[in-house]
Every structure is written in C-alpha cells, then in structure tokens.
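Please read the structure below before turning to the comments.
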Amino acid sequence: MARAASTGEMPRAYDPGSVEGPIYKFWNESGFFRPEIDHSKKPFVVIMPPPNVTGELHMGHALTIAVEDLMVRWHRMLGEPALYLPGSDHAGIATQVVVERQLASDGLSRHDLGRDGFIERVWSWVDDYGDRIYRQTERLGASCDWSRKAFTLDAGPALAVRTTFVNLYKKGLIYKGTRITNWCPRCRTALSDLEVKHQDEKSGLYHIRYPLEDGSGHLTIATTRPETMLGDTAVAVNPDDERYSQFIGKSVKLPIMGRSIPVIADEAVELGFGTGALKVTPGHDPTDYEIGERHGIDTVNILNLDGTLNENAGEFAGLTVDEARTGVLARLEEEGILEGIEDFNHAVGHCDRCDEVVEPIVTDQWYVRMGPLAEPARAAVVDGEISIVPERFTKVYLNWMDNIRDWPISRQLWWGHRIPVWYCEKGCQIVEMEDPTSCPECGSTQLERDPDVLDTWFSSGLWTHSTLGWPGDTDDFDYFYPTSVMETGHDILFFWVARMIFMAIENTGESPFHTVYLHGLVRDPEGVKMSKTKGNVVDPLELVDIYGADAVRFALTTGTSAGNDMRMNEQRLEASRNFVNKLWNAARFVIANLEGATGLEDWQEPRSLEHREDRWIVSRLNRVADQVDSHMKAYQFGEAQRVVHDFLWNEYCDWYIEMSKIRLRTGDVPSPLPVLAHVLERTLRLLHPFLPFATEEIWSRLTAVLPEVEDPPEAAMLAPYPQADPSRYDAEAEGEVGSVVEIVRAARNLRAEFRIENNQQLTAQLAVANGTSSVFQDAMGFIESQARIALEVTPSETSGQGSADQAVQVLNAGTLAVSLEGLVDLDEETERLKSELADLRKYQVRVSKNLQNENFVNRAPEEVVDRERDRLVSTEARIERLVEILDRLAG
RNA sequence: GGGCGAUUAGCUCAGUGGUUAGAGCGCUCGCCUCACACGCGAGAGGUCCGAGGUUCAAAUCCUCGAUCGCCCACCA
C-alpha cells in the first residue's frame, strides 16, 4: 500500500494531528477523489456551494462540508462513481467591499486606482488568499475532486455566463429598463430586493401641513421621511375617503419648494393610516412610484448616487439625507406647518453587504424577465422532479416563485462578469457571442461597452452546469449532469437554489438536481447567530486543531436534523472526540490480540457462528446496517450516526468485547477473534462517512494484522458500504444474550445498592425456567467476572428464594437471589420488593386492558398484538414469582 | 399583514402513529477492574407547552390557544 503511516504502537489516545495530514495526502495522491466515468453506472454528484474566494471558512461551511462529504463518501462506498466538485465564487459586492475597505485604510478609494487598477488589486488579493479556503476544506477531510475545481470567473463559467446572457437577451428575457430600484449609496450600485435587509427602526411619523393653492385651507400629510418632500409631485388620498373627496383635483403648494402639485385619488392610500393623506414621491418610494405611473405624475430625483441631495433639492443640495432631514424639519417648524410628531417604528432597508441604508432611486438597469423562467422552475418542484428536504421549504419556494418579480441583474461594480452589451454612438445595443468591432445596424465603429457587471448570483445560478463544461458538449457534462443533491443553507434558498433551478432548466432543459437538502444555522452556545460584528464566530480550523476533524464533523452532524438550527458548544465537541477515542481504544484492544494470532482466515465473512455471543453480535451488526441504510436514504444522517455510535459503544465495547475476554483468557474455542475483527471492520466502514480520518487509520492498521482477502479494497473509503444480511439475524441469540445482560445488571445493581466492596466475592442462586439453564451455564464465567459473583443455576421448580440472608431480583430471565448474610434488612427488602410488585401490577393492568379491548385485538397489526401478549405473559410470571417470595418473607 | 418553525430530563437536543419516551452534558454514589479516567459500574431526574378532537393506539395526525424565534411583504 502507498502509505507509510499506520505502523508501530498505537498510542493510548487517538492523536488526530499526526494522522489526518498523511491520510488526506494518501487519499488525494492515490486519485480516490476522482471518479471514473463508467456509463454502466449512475454517478452521484454534489457540487459544493462555492465560498467567497477571499473569505475564510466559518462554521456554516464546516457543516456544509460535513454533510456533503458524508453523502459523497457513502455513495462512493455504495459503488457509485462519486463526484464532489469544489469551487469558489468571486462574490462581487462582498469582495469589492472588502478590498475597498482595505484601500480606505490607506485613504484611497477604488476611483483613485481606476477600473483596471482596482481589478488588478482584487486579483492580487485573490492570488494571495484564494487558496486558503481550499486548504481549509482539505483539513476538514472533504473528498472533493481537486482536478475539477472551478472559480466563477474562470474561462468556462465565463463562457456560460456570456452564452446565457446572449440567449436570454435574444429571447427578450433580458431587457434594460428605467424604474425605481434599491440603491446602496456606499457601494454605489443597484441591489435586488433579496440584497436588502429590513430592520425595524424607531423614527417619527411627521404630520406636515400642505396649503391648498386656492387658499381655501390645507391638507395634512404624514410621513416618516420628511426630507423626501423636496421631491414630492403629488398628494394622494383614498377615493373613498369622504374627508378629502372635496380636495381631489385641486392643487396644493408644496412647502419650501413652492411648486404646485395635484391632489389625486388612489386605492393604495390607506384610510386608517396617518392622516389619510399621502405625499407622493415617485423618485424615492416604490409605492409612490407605482402611484405616479398610474396617474402620469412627474418624477423628481433629489438624490445623487452617493446619497447626498442634488440640485433638485434647492437649498439643501449637497447635504446628506440625515442633514437634510434636520434642515427640512427646522424649516417646517419655522413656517409653523409641522403639526406634530408621533412615535413610530418602521422597516428601514439596509445593504446586505455593507449595512448602509438603502435608498430607492430611479435608475437604468438590466433585468431578467422572470415570468417565463419561473413557470417551469415551479413545475419541477410541484411535479416532484426536485424534492426539498425538509419538505416544509417546498411551500416557501413555491410562494416565492408565485410572487416573483423581475430580477435586476446589473451592478454598478467593477469586480465581476462585465455585461456583454455594447452601445454605438447612435444608441444601438449590440449583444453577441463575439465582441463586436462595429455596429451591425449603422456600421459605426465607435462602440462602448456597458460599464456594469452582473449580479454575482447570475454566475452562481449557472454553477450546476457551468462547472461541468456547459455550454460545451463535454464528457463531464454528458455524464455527471444533472447532479444529485444540492446541499446548502436554507438562508440562500431564493438567492441561489431557486435561481439555479430556473437557469439550469432554461439552459439544459433539465432540472439540475433531484434533491435539495437544506441545513440550519450553526449558532453559538447561547443560541445567538454567529457574526463578525458580534464577535462570537468560531473558527472551525481552531476546533480541528483542538478536537480533530472527525470530532468536529461528528459534532456538527449528530443529533441534528435537516433545516433545524443547532448550537455548537464545547460539550458537544468533547463528546464527539471521546467517541472517536473510544473507537480508537476498542481497535487498539482488538488489534493487539490479533497480532500473531492464527485461525483468522474467515474474518471477512465468518462462516458458521457456533458461539451464542458471536451469533448475537453479528446479528446486531446486520440489524444496525439495515437501520443505517434506511436513515441514510431518508436523509436522517444524525439518526444514522446515533445508531452506529450506540452499537459500537453500548453493544460492541460494553458487552461483546468484555464477553470475548473470557474466551481470550481461557483459550476456549471457538475463538472470538475472527468475529471481533469482522464486526470491528464492518463498523469502521459504517462509520467512515462520519469519521473518515480515524476509520481510515484504524482500518489500515487492522487489515494489516489480518490475513489478506481476495481483491482487498485499497482503503476504507473505497470499501463497500456494509449491507444487512437478514440471514444473519438471530432473534434467539439476541434474546438469550439479553437475558445474560439482564442478570449481570441485576447483580451489579444489588452490589451497588447494598454497597458491597468491589473485591468481595458473592454467591447467588439463579432460578430459571426449564430448558434455559444452559444459556446461563455457558455464560457463567462471564457473569462471574462481570458481577463478581459465583452463580448456581437451578431450574425454577427448585427455587427457594426468600430468606433474611438473600437479596432478590425478579427478572424476565429468572429469579436471582444473592446471598448477603447479615446485610439484608428484612423490612427494607420487603418494601423494595413490594414497590416493585406494585409497578409490575400497574403495568399488567395496562397491558391486559389493552388485550381485552376487542378493537385493539382486531384492528392492530398482528405483531403488535403478539408483542403485547408476550409482555402480559412475562409480566404475570414475574408477578407470580414475586408474590411467592414475598409470602415466604412474610411467613 | 401573510407564512413557517420551535416548545420533550437541570442544560443542549434526538425521536416523521405501536417498548414502561431516549442521548450527550450536568447531578448523586462507587471505582485508576490487565483497550480506553477522552474511562468503567450503579442511580436520581420527564402532567412530551395548554385545551379540544381523530384513532384500537398520539410526544407523533387535526383544530384552537399560549410563549419564543425565523422568513416573506411597497401601510407612507
């Protein structure tokens, strides 16, 4: 085998730091992450949501990678060619903001560098930091195919962007329009609605008097933004508002500005709000813009693109919005027309990236016409071609698609895909695959390219197919598209997932994936969303340093379910680390015993299992494999992990290994070694998707001390995922070993209760039903070692328990009487047994009531009824024995 | 204004109609038992938010309500 690790003594504690690096290198250099195109097999494909190229991994990324990688590894082990394609995003605004901030600390703006200089600056930033995110991804153990990694500004994705733009333009689905848009004065760009975050803020609701032109009185309007009155071009009232019907059609004189504006009637005005009269500012309010359109009202823009007021604001020109507000209010006060101020909360839009207050401004922007694109994207989900996990997000998705508005895609930025539109001096638009040199309509060679770039999400929306070579007719696209599962946070369902769906259907005619798996947010230990400004972000790499990558991954995916948020805390991480260490030590024990041992030939598939304990643990292993399989298929990864975790810790370690020690010590046959090895090896495979590093390391050490099998897997990550073999199910062995466990527990319980010193050997009688004593005879050595008790097994007929020198446990398997001369207080013992009897009777009543109910017996499934009958029988038997003992104690 | 989620042990959470409802951490008691103190053993701890309903059977499905949280939306 190619790797040098996994020799030498296994340390007492698992040391992820020394294991993870070499293992990752081994996997990667062996080409295990690169799937082979095999047309006889259906591939499994996950495209990684591309993180910001200049960013750093945060816990959300770690969760993304943990979930995606476990799916990919699972499918790879199922024998499917599995592609996990990594990449990064140029992240237009986000990156530009970061670089601009850096410039600002040197007192520069992007304009000081100029467009080319600025872009060069960003690229050098990308060159310096662009690989960091990939190295971090590797540290988490992501099994992605680095030979296919992609960046949104690479030539391939760029061609996909160009192709898509040209196609949509020619179909009339991309158009340029003048309308009111969200504008970030700091970023100096238009934003889509999704990029604006509303926050409730305290502000006043100002009542302002507008005098009628004819001097016959006044109208009082109410507004939260008094400064925008400088751009008012009408006052609107509801047509049904009797208070104002007499004013409709008249004019008022706009205070300060002095111009005459009409009073109009529009349904959009609410009767009950404010004064019922609305100042109409079509230039700076979306509702007012619509009212203005309906009534043919003028639009006055009073803002510059940097958020200061322009010459249309008269004496307030040059001020910021805040300054203008103060100034306007002072003027209104002076003129005595500010009637009053109400306390009021309203939602103020902020730029998602820089948090600046967003201003609605009328500008020219490029839009994608959404109606025709949304329709098939909606149908894909309705028809079940794409399913969303958890299902509840289906409704959220459909609701958004149903209310979709055209998507503004132009951004007044420099960093991104430049819009492929050229204008000639006569104003023709030229949109072609090739850069034009002259205008095809007028022949002009004086061409100018549109200065704007596209919304980042335009290129991200193509990610499922642009990364695979589309629009080229490549082998990758042919084989790996459509992809399988899109796994990402529910916070970008609209931003990204929805857009991928309609872009992909438009471009390829197919849905880009069959399943969307949405994970929740990773929160801090107090449940607060992690954010840089709050200073509560945790660096996943720091956690990897402390706990190991496996533990971090396990902590992220255990005890959680799709769509639900989780809190990350130290205890969670410690518990996961402890589990990895438990696995390590179990393996350490098994491997130490295997070294130099013989007779291990059939460890891979033990043929006949003669020993009850072997049949039991192999039966359990197969049932666990079955449960894991169904949980994985249902995307219940946390449950799948829990099932293997519990099996390994509670059954394999706590019981099977302890049982095996008896045979190992005595040399009794059959040796437990083949089964110890078999079950451990299969459990390593079951756990591999969740704990890739530790399982790989242990697997290689384990297989090194076992006889080589035919055609061995090259690594744990390539070993077939264990499938349940129902012929290995053994209910009898499970029941019998369960009885032995019950006895041991009962004896330990008595020891603890009566505070018997550990080193004090006890004797006990175990009365069991006829025909079952061999089970306990066989397990005698184990029971004695576990409970430190010398056991005498007798058929129940000879039972004589119930004396002052015995403490008794009445169990399903039989009655255990531990001799405790002089230690048993007869009254206390009687009380203890009586309370147990009461519990049993309560239960018996419940069960028998159920069984007396004809409806239950007739309607419940047979197995449920049978189980209930069994319960009744065993409970009644216990009651009988308990009564007998109490009688003897009393008599 | 719509929509969604959560409410289960002291804490954080699993549990997607059928065990006397589980885990981790914490707590109590006892243990350095020859794989593991990142451990072992024994315990305590729960009107599954409330009220109705459906069902042979409800933590689980339905209705209403409460509390907390999230998303969407142009009431200035």
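Per chain, numbering begins at 1; letters A, B, ... match sequence-line order. Because the structure is predicted, anything quoted here is derived from the model rather than measured.
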Touch check for [X], heavy atoms < 4.0 angstrom, all strands: base, sugar-phosphate only, or nothing?
X        : result
A:Glu854 : nothing
A:Arg751 : nothing
A:Ala575 : sugar-phosphate
A:Val269 : base
A:Arg225 : nothing
A:Asn564 : sugar-phosphate

Atom pairs under 3.5 Å: protein N/O with N/O of nucleotides 57-59 of chain B:
none

Query raised in the report: Would you say the side-chain atoms of A:His350 and A:Glu195 include a donor-acceptor pair closer than 3.5 Å?
Result: no
Dump the pairs, protein N or O against N or O of nucleotides 11-13 of chain B, anything under 3.5 Å, distances to one decimal.
| residue | atom | partner | partner atom | Å |
| --- | --- | --- | --- | --- |
| B:U12 | O3' | A:Arg567 | NE | 3.3 |
| B:C13 | OP1 | A:Arg567 | NE | 2.8 |
| B:C13 | O2' | A:Gly559 | O | 2.9 |

List, with names and distances, any nitrogen or oxygen atoms from the protein found under 3.5 Å away from nitrogen or oxygen atoms belonging to nucleotides 63-73 of chain B.
none

So, using side-chain hydrogen bond (donor to acceptor under 3.5 Å, both in side chains) as the criterion, who are the partners of [X] when residues are at least two apart?
X        : result
A:His295 : A:Asp266
A:Asn749 : A:Gln809
A:Glu639 : A:Arg642

Query raised in the report: Which letters describe nucleotides 27-37 of chain B, given B = protein heavy atom under 4.0 Å from base, S = only from sugar-phosphate, - = neither?
Result: --S-S---BBS
Report summary line: With both pairing distances under 3.5 angstrom for Watson-Crick or G-U wobble, and | for a partner in another strand, the correct string for RNA chain B is ((((((((.[[[[.)..(...]]]].(((((.......))))).....[[[[[..)....]]]]])))))))....
Would you mind telling me which of [options] lies closest to the side-chain atoms of [X]?
X        : options             : answer
A:Trp649 : B:C38, B:G39, B:C4  : B:G39
A:Asp285 : B:A76, B:G39, B:G15 : B:A76
A:Thr223 : B:A76, B:A42, B:G39 : B:A76
A:Arg748 : B:A42, B:U19, B:C38 : B:A42
A:Gln571 : B:C25, B:G18, B:A76 : B:C25

Query raised in the report: Can you name the residues that form a ring-ring contact (aromatic ring centres under 6.0 Å, His included) with A:Phe273, not counting sequence neighbours?
Result: A:Phe344
Query - By ring-ring contact (aromatic ring centres under 6.0 Å, His included) - contacts of A:His519 (at least two apart) - result: none
Would you call [X] and [Y] a salt bridge, taking side-chain N to carboxylate O under 4.0 Å as the test?
X        : Y        : value
A:Asp550 : A:Arg553 : no
A:Arg623 : A:Glu734 : yes
A:Arg701 : A:Glu697 : yes
A:Arg588 : A:Glu9   : no

Query - Residue-level proximity of residues 230-241 of chain A to RNA chain B when a heavy atom falls under 4.0 Å - result: none
Every protein N/O lying under 3.5 Å from an N/O of nucleotides 43-45 of chain B:
| residue | atom | partner | partner atom | Å |
| --- | --- | --- | --- | --- |
| B:G43 | OP1 | A:Asn749 | ND2 | 2.0 |

Requested in this report: For A:Arg225 and A:Glu227, run salt bridge (charged side-chain N to carboxylate O under 4.0 Å, His left out): C-alpha distance rounded to whole Å, both residues' side-chain angles, the deciding distance at 0.1 Å, then the answer.
Outcome: CA-CA 6 Å; A:Arg225 300 210 49 193; A:Glu227 71 283 5; 2.8 Å; yes
